[in-house]
> 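Structure provided below as C-alpha cells; questions to follow.
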Amino acid sequence: MNVHDSEKIAGIFSEAGLQHAGELKEAGVVVLNTCSIREKAEQKFYSELGRLKSLKKKNPDLKIAVAGCIAQQKGNSLFKRFPYVDFVFGPNNIDSVQQWIKTSNGERQAAGGKQSTTHDARRSSALQDNPEYHTKILPMKREGRVRAWVSIMYGCNNFCAYCVVPYTRGRERSRPVEDICHEVRALSQQGYKEITLLGQNVNSYGKNINNSGDLTFLLEKIHEIDGIERIRFVTSHPRDLSERLIDAMRDLPKLCDHLHLPIQSGSDKILTLMNRGYTYAEYRKKIDSLRNAVPDIAVTTDIITGFPGETDADFEMTMNALSEIKYDGIFAFKYSKRPETRALDLPDHVDEQTKSRRLSRILGLQESITFEKNRALEGKIFDILVEGISETNPDTLTGRTSTNKIVNFCGDKGDIGKLIKIKILEAKQHSLFGEKMINVQ
Ligand code: SAM
Ligand code: SF4
C-alpha cells in the first residue's frame with residue numbers, strides 16, 4: 001500500500017513537469033514516504049532524515065517532504081523536531097501535493113520554491129484529514145507495465161490491539177465501484193494484464209457506501225473488463241471471508257489461485273487479546289472450505305511472535321498451526337509496541353530475546369515447509385504471466401504463477417506481458433526455475 005502511495009505521489013510530481021532524479025544528490029525535492037507499522041520502520045525514517053539534513057546543509061534549496069503514516073501521526077510536531085523539513089502530508093492527503101506545487105514560485109521550481117512551512121502545514125498537512133480522498137482518481141506513475149495496484153478502499157475499522165493502521169489511515173472508506181472499474185479499464189487500455197486490488201480489509205469492501213455491492217460484486221464487474229487477465233486482492237481478514245467470496249474464487253477464472261489470510265497466532269487466548277474476532281478452529285474451517293473449492297490454491301499468512309501474554313504454550317500453538325495448515329509462505333514479525341494501540345496497556349509483555357527466539361523458530365519451520373511445497377512443483381507445467389527481466393540475473397526473465405510463485409526462465413523480451421506455459425525444472429527456497437513450453441496468447 002505504501003509503495004502504491006508512492007506511485008500516486010510520483011504521479012502528481014510528474015504531471016507538474018518534475019522528473020525523477022537519477023541520484024539523491026541531484027534531487028531538488030525529496031519525499032520520504034514513511035511506514036509506521038513497526039518500530040524498525042520508524043527508526044529507518046529517522047536515520048534517513050539525518051542523512052538528508054547533511055544534504056540540505058550543502059544544498060539549502062533542497063526541499064524535504066515527509067509523507068505516509070509517520071507524517072500522519074506526528075503532524076506539525078515534525079517541523080519542531082526537524083526544522084529542515086518543508087512539507088508534511090498524511091496518506092489521506094496525497095492530493096495536497098498538487099496544492100504544494102501550485103502555491104510555490106513557478107511551475108518548475110514548484111516543490112523547490114520557498115514556502116512558509118508551518119503556515120502550509122496548517123492548511124494542508126497530515127493534521128487535516130481529507131474525507132473526499134477516496135473518491136479521487138489521482139495521476140499515477142506506476143512502476144511496472146504488466147501488473148498494477150488499484151486501491152479499492154482506505155483505512156480500517158478493526159482496531160486489532162497491536163495495529164497502528166486505524167490511527168494513521170483513519171476509518172474505512174470504500175471507493176465507488178464505477179470509479180474503480182474506470183481506473184481498471186484505463187489500465188487495460190494501457191496494456192496492463194494483472195491488477196491487485198488493495199485495502200487493509202478488502203472483505204469488508206462496500207460496507208460503508210449505500211447501494212454498493214460487496215467485494216464479490218466488485219470482482220465480478222472487474223472480471224468483465226477485457227484485457228485484464230489476472231485479478232488479485234489483498235488483504236483479507238479471516239473473520240470477513242465469506243462463502244460467497246470463496247465461491248467466486250472457484251467460479252471466476254481470472255481470480256488468481258492465491259489468498260493471503262493473516263492468522264497472526266494459533267492460540268485462541270492470544271487471538272482474543274489481539275481483538276481478531278475469530279478462533280483457530282474457525283480460521284481452519286475457512287481454510288478447509290477454500291481448499292475444497294479451489295484445491296490447488298496457495299495460502300500465505302502473517303504471524304506475530306511475542307504478543308503480550310504469549311506463553312511458550314501459546315507459541316507452540318502457532319507452530320502447530322503452521323505444521324497443520326502448511327502455508328505456501330509467511331511474513332513473520334516480532335511484536336512491536338505502537339503508539340495509541342490497546343496492546344500497550346496489556347500485562348505480561350514478552351522480552352526481546354524470547355520474541356527473537358520464537359521468530360527464528362517460526363521462520364525455520366516455514367523455510368522447510370515452503371521448500372517442500374516448491375519441490376512438489378518440479379516437473380509440473382504452469383501458466384506464467386511474464387513481468388520482465390529478473391533483477392538478480394539479467395539473462396533470465398521473471399514471472400509468476402497464478403498461485404503467486406516467482407518463476408525465472410530463459411526467454412526473449414517479446415514474452416514480457418504475455419501468459420506463457422513454463423515447465424518447472426528446479427525448486428529453490430524463494431523461487432522456481434523453469435523452461436518455456438508453448439506460447440498461449
Ligand atoms: N490489514 C492486514 C491484516 O489484517 O492482517 C495487514 C495489516 S499490517 C499492514 C501487515 C502485518 O503487519 C499484520 O498482518 C501484522 O502481522 C503485522 N503487524 C501489524 N502491527 C504490528 C505490530 N505492532 N508488531 C508486529 N507486527 C505487526
Ligand atoms: Fe491493522 Fe487489524 Fe486493520 Fe489489519 S485488520 S489493518 S491488522 S487493525
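Every number for a ligand or one of its atoms is a count from 1 in the order of the listing. Please read all numbers here as calculations on a predicted model, not as lab measurements. For reference, positions follow the sequence shown, starting with 1.
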> So that I can check it, does any N, O or S atom in C160 come closer than 2.8 Å to atom 3 (Fe) of ligand 2?
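So C160 does not count as coordinating atom 3 (Fe) of ligand 2.
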> Distance under 4.0 Å to a non-hydrogen atom of C156: what atoms of ligand 2 satisfy this?
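Contacts of ligand 2 toward C156, numbered from 1: 3 (Fe), 5 (S), 6 (S), 8 (S).
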> Quick one: nearest non-hydrogen protein atom to atom 6 (C) of ligand 1, plus distance?
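The closest heavy atom on the protein side is Q200 OE1, 3.9 Å.
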> Among all protein heavy atoms in this structure, tell me which lies nearest to atom 10 (C) of ligand 1, with the distance rounded to 0.1 Å.
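Residue, atom and distance for the closest contact: D302 OD2, 3.7 Å.
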> Would you check the N or O atoms of N201, main chain and side chain alike, for any that come under 3.5 Å of an N or O of ligand 1?
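No, N201 has no N/O under 3.5 Å of an N/O on ligand 1.
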> Is it true that a side-chain atom of S267 and a backbone atom of M317 form a donor plus acceptor pair closer than 3.5 Å?
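Flag not set: sc S267 to bb M317 has no pair under 3.5 Å.
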> Classify the contact between P166 and ligand 2 as side chain, backbone, both or neither, using a heavy-atom distance cut-off of under 4.0 Å.
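The part of P166 near ligand 2 is the side chain, not the backbone.
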> Nearest protein heavy atom to atom 15 (C) of ligand 1, by residue and atom, and its distance?
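The closest heavy atom on the protein side is Q264 OE1, 3.5 Å.
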> In ligand 1, which numbered atoms sit nearer than 4.0 Å to a non-hydrogen atom of Y335?
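Near Y335, the atoms of ligand 1 are 24 (N), 25 (C).
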> Looking only at protein heavy atoms, which one is nearest to atom 8 (S) of ligand 1, and what is the separation?
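Minimum-distance protein heavy atom for atom 8 (S) of ligand 1 reads I37 CD1, 3.7 Å.
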> Among all protein heavy atoms, pick the one closest to atom 5 (S) of ligand 2 and tell me residue, atom and distance.
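Closest protein heavy atom to atom 5 (S) of ligand 2: N158 ND2, 3.3 Å.
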> Compare G306, P166, P262 and give the one whose heavy atom is closest to atom 5 (O) of ligand 1.
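Closest candidate by heavy-atom distance is P262.
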> Are the side chain of H258 and the backbone of R232 linked by a donor-acceptor contact shorter than 3.5 Å?
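No, because the side chain of H258 does not come within donor-acceptor range (under 3.5 Å) of the backbone of R232.
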> Show which atoms of ligand 2 fall inside a sub-4.0 Å distance from at least one heavy-atom site of F159.
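Going through ligand 2 atom by atom, the ones under 4.0 Å from F159 are 8 (S).
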> Please work out whether the ring planes of F13 and W100 are parallel, tilted or perpendicular, with thresholds of 30° and 60°.
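Judged by the thresholds at 30° and 60°, the geometry between F13 and W100 is perpendicular.
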> Would R81 and Y46 count as a cation-pi pair here, with the cationic atom under 6.0 angstrom from the ring centre and within 45° of the axis?
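Geometry flag: set, cation within 6.0 Å and 45°.
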> May I have the step-by-step check of side-chain contact (heavy atoms from CB on, under 4.5 Å) for M140 and W149, ending in yes or no?
CA-CA 10 Å; M140 281 177 222; W149 307 103; over 6 Å; no
> Knowing that exactly one of I422, L377, N408 qualifies, which makes a side chain to side chain contact (heavy atoms under 4.5 Å, CB included) with L432?
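So, applying the side chain to side chain contact (heavy atoms under 4.5 Å, CB included) to L432 and each of I422, L377, N408, only L377 qualifies.
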> Does Y162 reach ligand 1 with a nitrogen or oxygen that is under 3.5 Å from one of the ligand's nitrogen or oxygen atoms?
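Yes, at least one N or O pair falls under 3.5 Å.
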> Going by the angle between their ring planes, with limits at 30° and 60°, are Y84 and F82 parallel, tilted or perpendicular?
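Y84 and F82: perpendicular rings.
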> Can you tell me the protein heavy atom closest to atom 22 (C) of ligand 1 and the distance?
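Checked against all protein heavy atoms, atom 22 (C) of ligand 1 sits closest to S336 O, 3.7 Å.
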> Number the atoms of ligand 2 from 1 as they appear, then name those within less than 4.0 Å of a heavy atom of R276, with their elements.
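Counting atoms of ligand 2 from 1, those under 4.0 Å from R276 are 2 (Fe), 7 (S).
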> Take L32 and K44 through the test side-chain contact (heavy atoms from CB on, under 4.5 Å) and record every step on the way to the result.
CA-CA 11 Å; L32 287 179; K44 249 164 103 177; over 6 Å; no
> Does ligand 1 have an atom that lies less than 4.0 angstrom from a heavy atom of K334?
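Flag set, K334 near ligand 1.
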> Does E39 come within less than 4.0 Å of ligand 1, judged by its heavy atoms?
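Outside the 4.0 Å threshold, so no.
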> Is it the case that the side chain of D214 and the backbone of G206 share a donor-acceptor pair, with hydrogens and angles ignored and the cut-off at 3.5 Å?
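Side chain of D214 to backbone of G206, a donor-acceptor pair under 3.5 Å: no, none is there.
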> Using a 3.5 Å distance criterion without hydrogens, assess whether the side chain of R171 forms a donor-acceptor pair with backbone atoms of P166.
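At least one qualifying donor-acceptor pair exists.
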> When you check the gap from the basic side-chain N to the acidic O, do R142 and E183 get nearer than 4.0 Å?
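Salt bridge present between R142 and E183.
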> Using a strict cut-off of 4.0 Å, indicate which atoms of ligand 2 neighbour a heavy atom of Q200.
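Answer, ordered by atom number: 6 (S).
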> Please state which protein non-hydrogen atom is closest to atom 4 (O) of ligand 1 and give its distance, to 0.1 Å?
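Among all protein heavy atoms, the one nearest atom 4 (O) of ligand 1 is R276 NH1, 3.4 Å.
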> Give a yes or no on whether the backbone of L198 and the side-chain of S151 come within a donor-acceptor separation of less than 3.5 Å.
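A pair under 3.5 Å: no.
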> At a 4.0 Å threshold, what atoms of ligand 1 neighbour a non-hydrogen atom of R338?
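Checking each atom against R338, I get 23 (N).
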> Test of understanding: given a 4.0 Å heavy-atom threshold, classify the contact between N201 and ligand 2 as side chain, backbone, both, or neither.
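N201 to ligand 2: no contact under 4.0 Å from either part.
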> Give a yes or no on whether the backbone of K355 and the side-chain of T305 come within a donor-acceptor separation of less than 3.5 Å.
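Yes; at least one donor-acceptor contact below 3.5 Å.
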> Is atom 1 (Fe) of ligand 2 less than 2.8 Å from at least one N/O/S atom of C163?
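Given the 2.8 Å cut-off, C163 counts as a ligand of atom 1 (Fe) of ligand 2.
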> Would you check the N or O atoms of R38, main chain and side chain alike, for any that come under 3.5 Å of an N or O of ligand 1?
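Looking only at distances, the answer is yes, because the N/O contact criterion of under 3.5 Å is met.
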